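To start, the structure under review is shown below, and the notes come after it.
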Amino acid sequence: MNKNSSNIMALVPNTSNKRETVCIFGTGDFGRALGHKLIQSGYPVVFGSRSTQISSLIPKDAEVLSHAEAAQKAAIIIIAIQRQHYNFLTSLAEVLRGKVLVDISNNLKINQYPDSNAEYLAQLVPGAKVVKAFNTVSAWALQSGTLDASRQVFVCGDDIEAKQMVMDIVRALGLTPLDQGSLLAAQEIENYPLQLFPMWKFPILLSLGLTAFFFFYCLIRDVIYPYVYENKDVSFFIAISIPNQICPVLALILLALVYLPGVLAAIIQLYRGTKYRRFPDWLDKWMLCRKQLGLVALAFASLHVLFTLVIPIRSFVRWRISSQTISQVLNNKTEPLDTTNAWLSDSYLALGILGFFLFVLLGITSLPSVSNNVNWREFRFVQSKLGYLTLVLCTAHTLVYGGKWFLSPSSYRWYLPHSYMLSLIIPCIVLVVKFVLIFPCLDKPLTRIRQGWERNPQYSE
Ligand code: NAP
């Protein structure tokens, strides 16, 4: 859903003293809540209902009439009824001719019907002007007064005047109308409240799957193997050691997966010689959730930092250091400083610190409040150039830390390599392919393709 701020209309309240009567069909939860809010905002409200008996739940300043009588009293009629009960409206076609009908309905499932509820309403009552609005606002929010001006109301409709009238009401209620265009947009607006973090689904499921895989992988290598072969119980590794292996591994893999689709897209464009053919669906979807993948990766990296900070206070670590010291004292022998190891350890820490710093910077620039304040070139610079630099630093951090295990046979327990080695596969592939794509013989045609050049133009004159 495009929430382009240019669509946000200025909050200009209707300054005329007398507000026009608004009719609401249906005295259910939403109808009553909206009626209450409208009355508070100074609108006379008349309900159209199957029963004209006044109940204590209905706002006391509202009238309750039959549908036909109520419709005659207002130019705008809000249909606060479920779609499956719309049929009776056909019998009111004459009364509803020329009226503005506001469809506020939602469905139970995404794309439940082939057409949107608003289009269905327009088809049932062809003489009326149908506008879709209010469906993303809940009756509870209207009733409890937790609405504020930042609450956006998506509005669409084919009649500009009718849409304007509805947007005036939205503003008068202290809400912000967002014009979404014609009634064709209604289906998307109706699907909107039914979506559950759509962009987060893939990153969350992927990270859950990878977490489970690496947890069992590390459990077998680091806990079960020493128990079977050395009769050592190191099951306490499950609390900190194993999570502190999983978190950096996942952070690195997910960060690489943010940049992998871009590299694949470049290869596809080079192969096809055009940018005008659509990418496969899976690649399109993958590209759309790169920000979320990056944020999940940042969360794992932050956890890795926290787990690393507590290493010196772990009882196992303190025991290991003190037993090494005691053994040196007993043998009356001080181990000399291994400068190679000192270099490796300091470089690994420095790379990690720099990588994490840039990672946080990337996360901050992806926040809407920040990204809205930089231009497209600046955003691309941060997300692409700094992003790749972050990937290089984090991959180098892992290589310096885990590189020594590649040649050591003891690191292949049950032929399983250390998890750090596995985590390097995707980042190394991404970086190598990206490096190859920088060569002028590939970069130049790719840049031309992205500027619109085609190797075999489809629509040549
Ligand atoms: P509701 O509590 O079930 O009320 C619907 C009303 O429709 C009933 O009170 C009844 O009013 C009328 N009605 C029921 N059967 C009818 C029939 N056969 N013929 C004519 N009228 C009939 O539903 P609601 O929660 O108010 O929701 C109403 C609409 O608003 C729905 O389309 C829903 O998707 C939408 N919506 C609801 C919310 C929410 O938070 N509840 C939020 C956004 C959108 P009378 O007895 O007065 O005739």
Side-chain angles (χ1 to χ4, degrees), residues 1 22-39 45-60 62-71 73-74 76-93 95-96 100-113 115-125 128 130-147 151-157 166 169-170 173 175-178 180 183 185-196:
M1 181 78 46
V22 176
C23 169
I24 301 175
F25 276 6
T27 55
D29 291 341
F30 197 86
R32 291 194 315 267
L34 189 61
H36 183 70
K37 193 84 190 156
L38 283 166
I39 290 171
V45 170
V46 53
F47 281 99
S49 173
R50 291 167 302 170
S51 154
T52 51
Q53 268 185 348
I54 295 279
S55 107
S56 61
L57 291 172
I58 292 172
K60 69 173 170 27
E63 261 187 289
V64 184
L65 303 172
S66 70
H67 292 116
E69 286 169 327
K73 295 213 164 194
I76 295 187
I77 299 156
I78 295 169
I79 313 292
I81 295 171
Q82 316 277 354
R83 168 184 169 138
Q84 60 270 30
H85 303 310
Y86 280 3
N87 280 342
F88 81 99
L89 293 169
T90 47
S91 59
L92 299 173
V95 191
L96 299 179
V100 178
L101 298 190
V102 186
D103 183 287
I104 58 155
S105 63
N106 283 319
N107 293 320
L108 296 176
K109 280 192 281 177
I110 288 183
N111 294 333
Q112 188 173 350
Y113 301 100
D115 54 349
S116 67
N117 298 348
E119 287 167 307
Y120 172 64
L121 180 62
Q123 198 191 316
L124 280 180
V125 195
V130 174
V131 176
K132 181 90 206 172
F134 289 114
N135 67 309
T136 51
V137 181
S138 77
W140 177 82
L142 279 171
Q143 222 155 15
S144 61
T146 51
L147 290 166
R151 222 31 115 80
Q152 296 164 339
V153 174
F154 300 107
V155 183
C156 74
V166 176
I169 294 183
V170 173
L173 298 186
L175 304 170
T176 310
L178 286 181
Q180 297 295 302
L183 216 54
Q187 189 131 30
E188 200 184 331
I189 299 178
E190 284 167 15
N191 285 339
Y192 193 54
L194 297 170
Q195 287 169 351
L196 188 66

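Both counts, for ligands and for their atoms, begin at 1 and track the order of listing. Because the structure is a prediction, the values reported are computed rather than measured.
With Glu190 contributing its side chain and Asn117 its backbone, the two residues share a donor-acceptor pair below 3.5 Å. For Glu188 (side chain) and Ala185 (main-chain N/O), no donor-acceptor pair under 3.5 Å exists by modelled atom type. At least one donor-acceptor pair under 3.5 Å links the side chain of Asn106 to the backbone N or O of Asn135.
Qualifying ring-ring contact (aromatic ring centres under 6.0 Å, His included) partners for Tyr113, counting only residues two or more places apart in sequence or in other chains: none. Not counting sequence neighbours, His36 has no partner by the ring-ring contact (aromatic ring centres under 6.0 Å, His included) test. Scored by the side-chain contact (heavy atoms from CB on, under 4.5 Å) test, Thr90 finds Leu124 as partners (sequence neighbours excluded).
Sorted by chain then number, the residues whose non-hydrogen atoms approach ligand 1 to under 4.0 Å are Gly26, Thr27, Gly28, Asp29, Phe30, Ser49, Arg50, Ala80, Ile81, Gln82, His85, Phe88, Ile104, Ser105, Asn106, Asn135, Val137, Ser138, Ala139.
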